[in-house]
Amino acid sequence: MKNFDLRQKKVIDADTAEVIGYIQNMDIDFDSGTIQSVTVPKRGMLGIFGMGKSVTVPWERVLAMGSEYVIVKTRPDIK
């Protein structure tokens with residue numbers, strides 16, 4: 001999957017079932033060739049992106065990817 005393909009998918013928070021936005025940035029470990037985390041600017045009121053607000057999600061919390069959506073868990077499990 002290409003970088004551009006990931007950026008075209010809506011990111012959904014599994015905890016709230018809300019669309020967060022689209023992937024803006026990816027932290028990639030070039031030595032291992034793996035994605036470490038993704039950053040998504042949060043959507044504000046009326047679907048407009050928030051002013052400088054974003055959420056970074058570790059790759060381990062990416063739960064699923066489909067043709068149009070990426071489902072993530074933005075908060076760690078509380079034990």
Side-chain angles (χ1 to χ4, degrees):
M1 181 173 296
K2 297 178 185 174
N3 179 351
F4 178 78
D5 294 336
L6 274 178
R7 293 175 189 255
Q8 299 301 308
K9 299 176 187 287
K10 289 182 183 176
V11 179
I12 298 175
D13 185 342
D15 295 318
T16 63
E18 295 178 342
V19 175
I20 303 171
Y22 294 86
I23 294 174
Q24 178 182 38
N25 194 19
M26 290 181 274
D27 179 22
I28 300 172
D29 180 343
F30 290 104
D31 291 332
S32 65
T34 60
I35 299 172
Q36 302 298 304
S37 64
V38 294
T39 302
V40 181
K42 284 188 171 183
R43 294 167 63 137
M45 296 175 67
L46 303 174
I48 302 170
F49 288 102
M51 298 285 291
K53 295 180 182 178
S54 63
V55 61
T56 299
V57 180
W59 191 250
E60 301 84 45
R61 289 197 220 144
V62 174
L63 303 178
M65 270 189 271
S67 61
E68 296 181 31
Y69 300 98
V70 176
I71 301 173
V72 301
K73 188 162 187 64
T74 59
R75 293 176 277 190
D77 289 331
I78 299 171
K79 296 183 181 185

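For the pair M65/V70, a side-chain contact is recorded, criterion being any heavy-atom separation below 4.5 Å from C-beta on. Here the side chains of I12 and I20 are not in contact, with every heavy-atom distance at 4.5 Å or above. For the pair K10 and V40, the minimum side-chain heavy-atom distance is 4.5 Å or more.
How far OG of S54 is from CG of N25: 9.0 Å, rounded to the nearest 0.5 Å. Going from atom NZ of K73 over to atom CG of D15 covers 3.5 Å, rounded to the nearest 0.5 Å. Here T34 contributes atom OG1 and D29 contributes atom CG; the two are 5.0 Å apart, rounded to the nearest 0.5 Å. The CH2 atom of W59 sits 9.5 Å away from atom CD1 of I28, with the distance rounded to the nearest 0.5 Å. A distance of 9.5 Å separates CG in D27 from CD1 in I35, rounded to the nearest 0.5 Å. The NZ atom of K9 sits 9.0 Å away from the CD1 atom of I23 when rounded to the nearest 0.5 Å.
Side-chain atoms of R61 never come within 3.5 Å of backbone atoms of V72 as a donor-acceptor pair (strictly under, hydrogens ignored).
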Applying side chain to side chain contact (heavy atoms under 4.5 Å, CB included) to R75 and T16, what does each step give before you reach the verdict? CA-CA 10 Å; R75 293 176 277 190; T16 63; 3.8 Å; yes
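Side-chain contact of T56 with T39: a donor-acceptor pair under 3.5 Å is present, judged by distance alone.
Among all heavy-atom pairs drawn from P58 and S37, the shortest one is CA-CB, 3.9 Å.
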